[in-house]
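Reminder, nothing fancy here: chain letters follow the sequence lines and each chain counts from 1.
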Amino acid sequence: MWVLAAVTAAALLVSTIVNRKKTWEAIKKGMRMLLSLAFPFLTVLIVVSLALMFLTPESIAGLLGGAGDGWAVAAAAVVGSVTLIPGFVAFPLCALLLQMGAAYSVAAVFLTTLMMVGVVTLPLEAKYFGWKTALLRNALSLAAAVVVGLGIGLAWSFV
Amino acid sequence: MKQFLKRNAAHIALALAFGVFILVSWLVPLPAGKEAAGRFAYFFLEFAMFVPLLFILVGLFDVWFPKAVIERHLGPGSGAKGIFWVTLLAMLQAGPLYGAFPMAGVLWKKGASPRNIFIYLGAFATLKVPMLAFESGFLGLKFTLLRTLFTVPLFIAVGFLMELIVGKRGFKVTPPGEGGETTECAKQA
């Protein structure tokens with residue numbers, strides 16, 4: 001967060017020194033994009049806050065903490081796809097999963113789907129790419145995430 | 001302004017309903033509802049601090065990087081080098097995946113190939129440097145390296161597949177706030 005603020009401030013400063021008019025244009029462009037997306041963003045935040053009422057970190061850990069069979073991988077893929085959990089919650093949660101005896105493949109599938117697949121953000125993604133492309137990207141990413149997870153599960157004991 | 005509100009009517013209705021729900025949870029009181037309100041406040045604060053910065057950076061990128069440069073380095077025919085540059089660009093950023101969509105729109109406008117745009121999204125989702133540092137802290141270097149090793153070829157494959165399936169005819173990325181109608185509304189608002 002602070003790194004981002006520092007980078008933005010530095011970029012703005014340099015840009016202002018070089019060309020004040022262009023910088024102002026950049027800020028206006030950015031704010032215009034932000035304004036047109038503010039309400040869809042707000043909806044995502046509300047939906048996620050409500051969804052986490054039912055999917056608490058504890059219940060997720062309970063759901064995925066079992067043995068690393070096919071069901072746990074499938075459950076990890078579904079939960080990872082539909083939830084939107086920020087990284088600073090997701091990584092400790094994954095560490096907890098592993099401690100509870102979940103397989104590495106399950107943790108990896110959960111993490112990778114969390115990163116690459118976003119069901120709640122689909123409407124937002126469709127605004128940019130159209131529904132067909134957004135759905136396809138998410139479907140392919142889901143498949144990729146499962147491959148990554150299974151690959152890590154297989155490779156873990158060899159490395 | 002009126003048109004802006006009209007276009008967002010469904011979102012505004014949901015926000016109002018959520019506001020009523022929170023109010024009720026405080027009055028009843030409903031602990032789960034209060035928790036949801038707390039989470040929302042947290043997300044919103046993060047969003048309010050983080051997303052404007054992100055959009056300013058996208059705006060700066062838009063203004064300072066000429067179309068010719070992007071086209072040459074990330075356009076169709078940029079090959080393996082294009083994949084390298086677009087991955088590097090994504091790795092140096094931060095934030096949730098939905099923060100990458102506006103940048104994808106700008107990249108498209110500047111002539112990046114569909115393949116590289118989807119590789120950008122994949123790399124942004126899985127390979128951001130700040131996130132990798134955090135990951136190795138919690139899950140260990142071995143896990144992070146293995147995950148990276150498996151993820152890179154797969155998101156590149158997703159990029160190739162996406163280009164093959166949707167990238168040829170009529171593919172476009174519309175950055176909201178860029179199109180004529182949207183811009184008009186944004187100005188009025």
Side-chain angles (χ1 to χ4, degrees), chain A residues 1 3-5 8 11-12 15 22 25-37 39-46 48-50 52-53 84 86-88 91-92 94-95 104 108 111-112 115-116 118 121 124-125 127-129 132-133 136-137 140-141 144 147-148 151-152 155-156 159, chain B residues 8 11-12 14-15 18 32 35-36 39-40 43-44 47 49-53 55-60 62-64 94 96-98 101-102 104-105 118 121-122 125-126 130-131 134-135 138-139 142 146-147 150-151 154-155 157-158 161-162 165-166 173-178 182-183 186 189:
Chain A
M1 178 65 219
V3 177
L4 184 76
T8 311
L12 270 178
S15 178
K22 263 189 158 180
E25 197 189 323
I27 294 175
K28 273 199 295 193
K29 270 190 179 182
M31 289 305 107
R32 207 179 298 147
M33 280 189 256
L34 175 64
L35 200 66
S36 70
L37 281 177
F39 278 106
F41 272 136
L42 197 65
T43 296
V44 169
L45 299 185
I46 291 174
V48 171
S49 318
L50 289 175
L52 288 182
M53 276 169 68
L84 185 91
F88 59 91
F91 293 124
C94 261
Y104 279 96
L111 209 55
T112 317
M115 291 168 177
M116 293 179 80
T121 50
L124 201 61
E125 191 172 346
K127 265 184 181 267
Y128 288 90
F129 294 95
K132 187 185 154 202
T133 305
L136 188 68
R137 192 199 67 81
L140 287 178
S141 299
V147 175
V148 168
I152 289 179
W156 190 263
V159 186
Chain B
N8 287 300
H11 296 294
I12 294 170
L14 178 71
F18 186 67
E35 271 171 39
R39 261 193 306 272
F40 175 77
F43 282 142
F44 185 77
F47 168 85
M49 292 196 297
F50 178 82
V51 176
L53 297 178
F55 277 96
I56 288 177
L57 281 179
V58 174
L60 284 171
D62 191 359
V63 169
W64 284 109
L97 182 59
Y98 59 74
F101 299 143
F118 289 111
L121 290 182
T126 58
M131 196 190 71
F134 206 64
E135 179 180 3
F138 274 101
L139 298 171
K142 182 182 168 186
L146 260 183
R147 196 187 59 76
F150 277 102
T151 312
L154 275 154
F155 71 64
V158 169
L161 275 172
M162 288 301 295
I165 303 171
V166 296
V173 188
T174 327
E178 285 282 325
T182 329
T183 312

Query raised in the report: Nearest 0.5 Å, what's the CG-CZ distance between L139(B) and F91(A)?
Result: 7.0 Å
Requested in this report: Could you walk me through whether T126(B) and M116(A) pass the side chain to side chain contact (heavy atoms under 4.5 Å, CB included) test, one step at a time?
Outcome: CA-CA 7 Å; T126(B) 58; M116(A) 293 179 80; 3.3 Å; yes
Query raised in the report: Do the side chains of M162(B) and L136(A) get nearer than 4.5 Å, heavy atoms only?
Result: yes
**Report entry** M31(A) side chain near I56(B) side chain, heavy-atom distance below 4.5 Å
**Finding:** yes
Report task. For the residue pair F55(B) and F41(A), categorise the inter-ring angle as parallel (less than 30°), tilted (30 to 60°) or perpendicular (more than 60°). Result -> perpendicular
Query raised in the report: Looking at side-chain heavy atoms only, is the closest gap between T121(A) and L97(B) below 4.5 Å?
Result: no
**Report entry** Closest non-hydrogen atom pair, S49(A) against F43(B)
**Finding:** OG-CD1, 3.8 Å
Report task. Pick whichever of G30(A), A26(A), G118(A), A155(A) has the most heavy-atom pairs under 4.5 Å with chain B. Result -> A26(A)
**Report entry** Residues T174(B), Y128(A); criterion side chain to side chain contact (heavy atoms under 4.5 Å, CB included); working and verdict
**Finding:** CA-CA 5 Å; T174(B) 327; Y128(A) 288 90; 5.9 Å; no
Query - Atom group of K132(A) that falls short of 4.5 Å from chain B, counting heavy atoms - result: side chain
Requested in this report: Carefully, step by step, assess V147(A) and F150(B) under the rule side chain to side chain contact (heavy atoms under 4.5 Å, CB included).
Outcome: CA-CA 8 Å; V147(A) 175; F150(B) 277 102; 5.9 Å; no
Query raised in the report: What part of L111(A) lies closer than 4.5 angstrom to a heavy atom of chain B: side chain, backbone, both or neither?
Result: side chain
Query raised in the report: Looking at F40(B), F44(B), F101(B), F18(B), which makes the most heavy-atom pairs under 4.5 Å with chain A?
Result: F101(B)
Requested in this report: Side chain from CB out, backbone as N, CA, C, O: work out which of these in L60(B) comes under 4.5 Å of a heavy atom of chain A, or both, or neither.
Outcome: both
Query raised in the report: Checking heavy atoms, do the side chain of T112(A), its backbone, both or neither come under 4.5 Å from chain B?
Result: side chain
Requested in this report: Evaluate the side-chain proximity of F118(B) to T133(A): yes if any heavy-atom separation is below 4.5 Å, no if none is.
Outcome: yes
Report summary line: Whatever's closer than 4.5 Å to a heavy atom in chain A on A157(B) counts as neither
**Report entry** Rounded distance (nearest 0.5 Å) linking atom CG of L57(B) with atom CG of L12(A)
**Finding:** 7.5 Å
Query raised in the report: Any side-chain heavy atom of N8(B) sitting closer than 4.5 Å to one from P40(A)?
Result: yes
Query raised in the report: Which atoms of E35(B) come close to chain A, meaning under 4.5 Å heavy atom to heavy atom: side chain ones, backbone ones, both, or neither?
Result: neither
Report task. Rounded to the nearest 0.5 Å, what's the gap from CZ on R137(A) to CG on L161(B)? Could you check? Result -> 13.5 Å
Report summary line: Greatest number of non-hydrogen atom pairs under 4.5 angstrom with chain B, of K28(A), E25(A), E125(A), falls to E125(A)
Requested in this report: Return the option, out of I46(A), L42(A), L140(A), with the maximum number of heavy-atom pairs under 4.5 Å with chain B.
Outcome: I46(A)
Report summary line: Looking only at V148(A), I27(A), L50(A), the option with the highest number of non-hydrogen pairs under 4.5 Å against chain B is V148(A)
Report task. Measure the spacing between CH2 of W64(B) and OG of S15(A) and express it to the nearest 0.5 Å. Result -> 5.0 Å
